[in-house]
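Remember, it's 1-based here, ligands and their atoms both numbered in the order they're listed. Counting begins at 1 with the first residue of the sequence.
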Amino acid sequence: MPIHVDYLVLGLGGMGSSALYHLARRGLKVRGIEQFGVAHDRGSSHGETRIIRKAYFEHPNYVPLLQRAYELWRELEQESGKRLFNPCGLMVAGSPEGEVIQGVRLASRLYDVDVENVTSREAAERFPGFRIPNGFEVTWEPEAGFLYVEECVRTQIECAISLGAQVCLNEKIISVSINAESIEVRTETERYLAAGMIVTAGAWSSSCLQELHLPLEVVRKVLFWNPVRQPLYNLDAGKGCFFFDMPYGEFYGFPSLDGETVKLAEHTGGATVADPGNVNRELMETDAPAVSRFVSEVMPALDPEPARHATCMYTRTPDRHFIVDRHARNQRVVYGAGFSGHGFKFSAVIGEILADLATQGSTAHPIDFLSASRFASG
Ligand SMILES: Cc1cc2nc3c(=O)[nH]c(=O)nc-3n(C[C@H](O)[C@H](O)[C@H](O)COP(=O)(O)OP(=O)(O)OC[C@H]3O[C@@H](n4cnc5c(N)ncnc54)[C@H](O)[C@@H]3O)c2cc1C
């Protein structure tokens, strides 16, 4: 016998945990299905921390969504009593002609985001752990910071459950059948018939939404924790996150949470993954050199050799912007995909948007620029 549900959420990572919570908050009967456990380390939402910032160099259209995301993260902190967000600030450094510095300034100007320009003399005093390359300009966004990624996912699921949501863990969806009149999902053990569905399958989005032919590429990314040589990066000493637009790639990192290591990574690059369920998690010879070069050149108080690493995946669109839309065959199926390595900070508001789309067919949030139609040929 099939199980009838009002709403199914397929995948409970960053976006799905939020969608589940937002549907449950509206008093709806919702069930979330996840192939692994809560806040697991086999998708894209793990590894301690995620940067959150408002002066969005990727495109200023994201700023209104970020303003709402900030509100929602704060509300969730209040509702749960958990610490999810650490507003430690963010330093951005790059060439004044580069898209990053120019984009930070544009978003800040258009939306009045608080961003300070830091002179090179001030930068040397304020950020003694960094050797800023000649000719670079530096900005500081005091309201930026980081989210505790696993705690965010866990908290959204816990709050959703306390509001009546049902959660099925370690249950893999093996087929999704979407027609104009019906939505049927099969897992290894159950058959579900749903009135509405939100698909938030991360790196598995292409296989869950095969018929849409979404232009997604999954890439393998490695995070590193490098040993601290001098205590110049400590969170408890007021240090913040950093993002460097170097000539050979973009690098970012976090203040040291434990006083012993700094977590950092390259945002650019990454090899294509054929099967997200079978990504190589061992450190490969080609993984560390770019980050080690960055550390040697820019962070003299850090050891260029990592002490440990974690493997994660970006699901990229060709233009690196997200896809948030309704399914062409059945408008009660909505999805969020292709978060392109910068989506987590938005997950609170993406869940709200997906819940709007699934229940009302539209949202008041300005998301036209995230429509799948931008990739339609002809
Ligand atoms: C190394 C790294 C660093 C990043 N840094 C930042 C950052 O600093 N700031 C930022 O904002 N963003 C950052 N991102 C991006 C951000 O983390 C992702 O965009 C976001 O977490 C994606 O969430 P998601 O819900 O789409 O995917 P996921 O969190 O992976 O969730 C998808 C879920 O669907 C489940 N699922 C898939 N298929 C099935 C199935 N068939 N049956 C059941 N369950 C299924 C998966 O198991 C998974 O739990 C980073 C990403 C990585 C990898």
Side-chain angles (χ1 to χ4, degrees), residues 8-20 32-53 56 58 62 65-66 69 73 90 144-147 149-150 152-153 156-157 167-176 185-188 190 192 198-210 216 218-224 241-243 250 252-254 263-267 269-270 273 276-277 279 291 309-317 320 322-324 335-351 354:
L8 273 183
V9 177
L10 194 170
L12 298 180
M15 306 301 162
S17 58
S18 171
L20 186 84
I33 304 180
E34 168 56 50
Q35 63 182 334
F36 302 124
V38 171
H40 64 86
D41 63 359
R42 281 178 274 179
S44 304
S45 302
H46 60 277
E48 291 179 359
T49 46
R50 291 290 185 269
I51 291 178
I52 178 165
R53 54 195 160 88
Y56 220 61
E58 288 86 344
Y62 287 100
L65 303 180
L66 286 160
W73 288 122
L90 167 73
F146 64 84
L147 295 159
V149 56
E150 286 91 351
C152 290
V153 173
Q156 292 184 127
I157 293 177
V167 167
C168 305
L169 300 174
N170 303 305
E171 188 169 337
K172 184 174 177 172
I173 289 160
I174 51 172
S175 80
V176 177
V185 167
R186 283 175 190 268
T187 67
E188 281 151 342
E190 303 288 356
Y192 297 96
I198 294 179
V199 182
T200 43
W204 290 263
S205 296
S206 288
S207 58
C208 292
L209 293 166
Q210 268 171 15
L216 301 176
V218 178
V219 293
R220 176 177 172 276
K221 300 297 293 182
V222 183
L223 293 162
F224 298 99
C241 299
F242 52 92
F243 191 104
E250 294 170 355
Y252 66 93
F254 300 79
K263 183 186 125 179
L264 77 168
E266 180 181 0
H267 182 52
V273 170
V279 62
V291 167
H309 78 281
T311 308
C312 192
M313 290 176 281
Y314 283 3
T315 307
R316 283 184 187 148
T317 61
R320 307 292 191 261
F322 315 154
I323 309 177
V324 179
Y335 61 96
F339 290 96
S340 302
H342 62 110
F344 193 83
K345 62 183 83 58
F346 295 89
S347 54
V349 67
I350 294 291
L354 290 169

Does only the side chain of [X] get under 4.0 Å from ligand 1, or the backbone, or both, or neither? Count heavy atoms.
X	result
Y252	side chain
Q35	both
I51	both
F344	both
H40	side chain

Is ligand 1 less than 4.0 angstrom away from at least one heavy atom of A265? no

With a cutoff of 4.0 Å, is F146 in contact with ligand 1, counting heavy atoms of the residue only? no

Which of these, G43, C312, S347, has its nearest heavy atom closest to atom 1 (C) of ligand 1? C312

Got a sec, which residues hit salt bridge (charged side-chain N to carboxylate O under 4.0 Å, His left out) with E48, two or more places apart in sequence or on another chain? R308

Closest heavy-atom contact between H46 and C312? CE1-SG, 3.8 Å

Please list, in number order, the atoms of ligand 1 under 4.0 Å from a heavy atom of S45. 20 (C), 21 (O), 23 (O), 28 (P), 29 (O)

Reference residue F346; test ring-ring contact (aromatic ring centres under 6.0 Å, His included); the match among Y56, W73, F339: Y56

